[in-house]
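A short worksheet on the structure shown next.
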Number of protein chains: 4
Amino acid sequence: MKTRDRIIHSALALFNEQGEPNVTTNHIAADLGISPGNLYYHFRNKEEIIHSIFDQYALDLTVGFQPEAPAESDQQRLLAYLDATFQLMWRYRFFYANLPDILRRDAVLQNKYLTAQQSLKTNLFAMLGQFRETGWLDMEDEALASLCSTLKLVASSWIFYQSAQAPQAKITPAVIYQGVLQILNMVSPMTTDKGRAVVGEIIEHYRQQMASASA
Amino acid sequence: MKTRDRIIHSALALFNEQGEPNVTTNHIAADLGISPGNLYYHFRNKEEIIHSIFDQYALDLTVGFQPEAPAESDQQRLLAYLDATFQLMWRYRFFYANLPDILRRDAVLQNKYLTAQQSLKTNLFAMLGQFRETGWLDMEDEALASLCSTLKLVASSWIFYQSAQAPQAKITPAVIYQGVLQILNMVSPMTTDKGRAVVGEIIEHYRQQMASASA
Amino acid sequence: MKTRDRIIHSALALFNEQGEPNVTTNHIAADLGISPGNLYYHFRNKEEIIHSIFDQYALDLTVGFQPEAPAESDQQRLLAYLDATFQLMWRYRFFYANLPDILRRDAVLQNKYLTAQQSLKTNLFAMLGQFRETGWLDMEDEALASLCSTLKLVASSWIFYQSAQAPQAKITPAVIYQGVLQILNMVSPMTTDKGRAVVGEIIEHYRQQMASASA
Amino acid sequence: MKTRDRIIHSALALFNEQGEPNVTTNHIAADLGISPGNLYYHFRNKEEIIHSIFDQYALDLTVGFQPEAPAESDQQRLLAYLDATFQLMWRYRFFYANLPDILRRDAVLQNKYLTAQQSLKTNLFAMLGQFRETGWLDMEDEALASLCSTLKLVASSWIFYQSAQAPQAKITPAVIYQGVLQILNMVSPMTTDKGRAVVGEIIEHYRQQMASASA
DNA sequence: CATGAATGAGAGTTCATTCAT
DNA sequence: AATGAATGAACTCTCATTCAT
């Protein structure tokens, strides 16, 4: 791995563990065993590291959410989607815990973020539309849009919300799974009978994941 | 107003405007035209100011949410509750935008926060139960509990979520009203016919509030 | 007791416990339950408190060391002298632990101190001279002067020296008695047979004092 | 000289001149013409500088007091020992003037200090034992131990004691030589005829040193 | 006599960033 | 590419002292 990538990697790990404001550029350099000067050879400043992390996040987002990705079944596709969503959040969790302050000081990042949010919204909407066509959901357009925005809100805020509930802001995989379940519980009341069966299975699947993660 | 209160007041305003990490004790003192020494005469340190702000918040929370508060009608009571919730958030919005980092470094505050969350959950649950009895909601116990926790999550995260969407993390009253509407949209699908009419009226009410706030 | 005296009293106690540089004027006021303004009504500044303490010390010095004080015997007189010396040190022990810095910043106090030292030397010399006449010591003038200055050095430095050896600079009465014994051990080799018996008895006396103080 | 060493050097000089509590880290940095940040690049905090100075002192102590150091004669060895002792004190005199307060706040340093004191005691005792064997001293074991502890006390306290006597706590080399003479005067009465001659010569030597230092 | 709020200089320390090598 | 010493502005906090009441 190139030094530049190692810096991104280490910074991400430290940000996730300790929160971005508590990690100095010297910490990152020390963690890698390189000099601060070297770090600044690869990045103009701390903000640029955050930008790079965000770019990676945005890339993961587009790569992981190809709606035309082939799948064995619609159920499989939903599972893959949920997994992707929350794994992304897990990997970049520091970001969600400090969003307002990070974006406030960086208008460019703010725009990047909004673009990412837009694409997230688009493919979430597409996914839900597909489920309606499959006959799992029975909702009118407006209600679907409303559900969509609520889901996005909950997903985007889950880490933040849970950080505040957990002592020392320690987020574990189990917390992530709990977020998926929360989402599914919100969708469940809108489902048709056929859909309810599918969602029920998926809920059961994540309950087990969560149990094994907690153990 | 006493200096101690002026400090709390000024700190809250600055925190809300610029984010807590970006406001130094010297900024607060300068804002009030007092010496840094004087600020430290009234507060041992910056953390104690945050504590005092939080205590005020917790007080507002208990004062503003008396379930036995007399009201003309259940509808009036719901309106009052929603107003109180989101006005509280508006007043202490900095807090929601920086929760994870603020709580991480202060275990005592973390506990205070969790206590406040608990009481919030309790009275939210009581409120929803009342509506079910009135015949506005038609839900089973489990579904009600799930709705309750979702609503709490959305309410608690609204400011955080919107801070990230808004340039410079500028939160306006219109954003707050939008949050109320979001909540109502989530409750609406669960209502009875009778309930739907009531919620519809309230939604209309907040649409107008929002329109006049934006103008 | 008048406020002024209470201040002196409290300041002395705190200085002894925590070291003069670690005791602020606010600590003293708080200890007495008076306002800092009141403290400054009675004393122009912190230095003046130290001066007053020193004046009290100087007074105790002259009062407690009257060579013409009547005594049952020479032995009694020696005992009284040793007791007085080390009790004085115990009472004003903070002073000995911080002398260089206290005197450096205050030329007036420096002069007062030198005067006190001079009188201490004078009456110590008188005491030793008396013992020589009594036939307890057998020394020539020069040796007597040398012994005298050594004794003064040891007595003056005892607290300082022991502070450095003891964890947290905690000085106890036992440490004081140990100092008396140190002094007596230095005098002992110079004594005549008659003198040795007397000194031996006194040593035994202080050994018991020390044992009971330690218990 | 490396910056780190220059900092130690400058700090030591300033501490000696003005007393450790009166010298700030900014003073040291300014004295060297470096930034405060640079100082903190080399030392985590002020205490660490003091530790480093002490470590150097402890090193000088072990290096300068090799008992097996070859010497032309016992007399030469004694001279070398006395010189080393008091030169060490001169070089680190700030330390002796502020011991109680410096050690009180730093338990680690306290332990280091006690260790150093122990080794000092050991080699002083060895030196005196040697002189007894050479036939310069005629003392029993207990008396020798007592003399030893008195000498250590006097040596350790000399700077402190003299700081209080001298205006502005200004210690000069002449004061140091006077300390050596004080020590010798204390040993002198215990010597045999042979020893007395030797000590007499050494006393004469230091009287001349002192005279030339004063001039 | 007494209060207690207020002052302000300055303490120790941090950290993103630079730059000569 | 990389080092690591160096910068300097800014931060939190302290404390002897003042002053209106």
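Please read these numbers as outputs of a predicted model, since none were measured by experiment. Order of the sequence lines sets the chain letters (A, B, ...), proteins ahead of strands, with each chain counted from 1.
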Pairing annotation in dot-bracket form, given for DNA chain F with Watson-Crick or G-U pairs under 3.5 Å and | for cross-strand partners
.||||||||||||||||||||
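- D:Phe95 pairs with exactly one of D:Phe160, D:Phe54, D:Phe15, D:Trp90 by the ring pair (Phe, Tyr, Trp, His ring centres under 6.0 Å) rule, that one being D:Phe54.
- E:dC15 atom P lies 16 Å from atom CG of D:Leu39, rounded to whole Å.
- E:dA5 atom C1' lies 10 Å from atom NZ of B:Lys2, rounded to whole Å.
- The distance from atom CZ of B:Phe43 to atom C1' of E:dA5 is 14 Å, rounded to the nearest whole Å.
- OP1 or OP2 of F:dA6 lies within a sub-4.0 Å distance of a side-chain N or O belonging to D:His42.
- D:Ser52 and D:Arg4 share a donor-acceptor pair across their side chains, judged by distance under 3.5 Å alone.
- Separating the CG atom of A:Leu32 from the C1' atom of F:dA1 is a distance of 14 Å, rounded to the nearest angstrom.
- Side-chain contact annotation: B:Tyr92 with B:Asp60, donor-acceptor N/O pair under 3.5 Å present.
- Interatomic distance, A:Asp31 CG to A:Ile28 CD1, rounded to the nearest 0.5 Å: 8.5 Å.
- The ring-ring contact (aromatic ring centres under 6.0 Å, His included) search around A:Tyr113 returns none, not counting sequence neighbours.
- Place C:Thr3 and B:Ile34 on DNA chain E by their nearest nucleotides, and C:Thr3 ends up nearer the 5' end.
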With B for base contact, S for sugar-phosphate-only contact and - for none (protein heavy atoms under 4.0 Å), nucleotides 14-21 of chain F reads BBBBBB--
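- Between C:Glu20 and C:Arg105, at least one side-chain N (NZ, or NE/NH1/NH2) sits under 4.0 Å from a carboxylate O, which counts as a salt bridge.
- A salt bridge is defined here as a Lys NZ or Arg NE, NH1 or NH2 lying under 4.0 Å from an Asp or Glu carboxylate O, and C:Asp101 with C:Arg104 meets this definition.
- Rounding to whole angstrom units, CZ of residue B:Arg4 and P of E:dG4 are separated by 15 Å.
- Remark: the A:His51 side chain and the A:Asp106 side chain contain an N/O donor-acceptor pair separated by less than 3.5 Å.
- If you check the side chains of D:Lys2 and D:His42, you find no donor sitting under 3.5 Å from an acceptor.
- For the pair A:Ile50 CD1 and E:dA16 C1', the computed distance is 12 Å after rounding to whole Å.
- A close approach under 4.0 Å does not occur between any side-chain nitrogen or oxygen of C:Ser35 and OP1 or OP2 of E:dG4.
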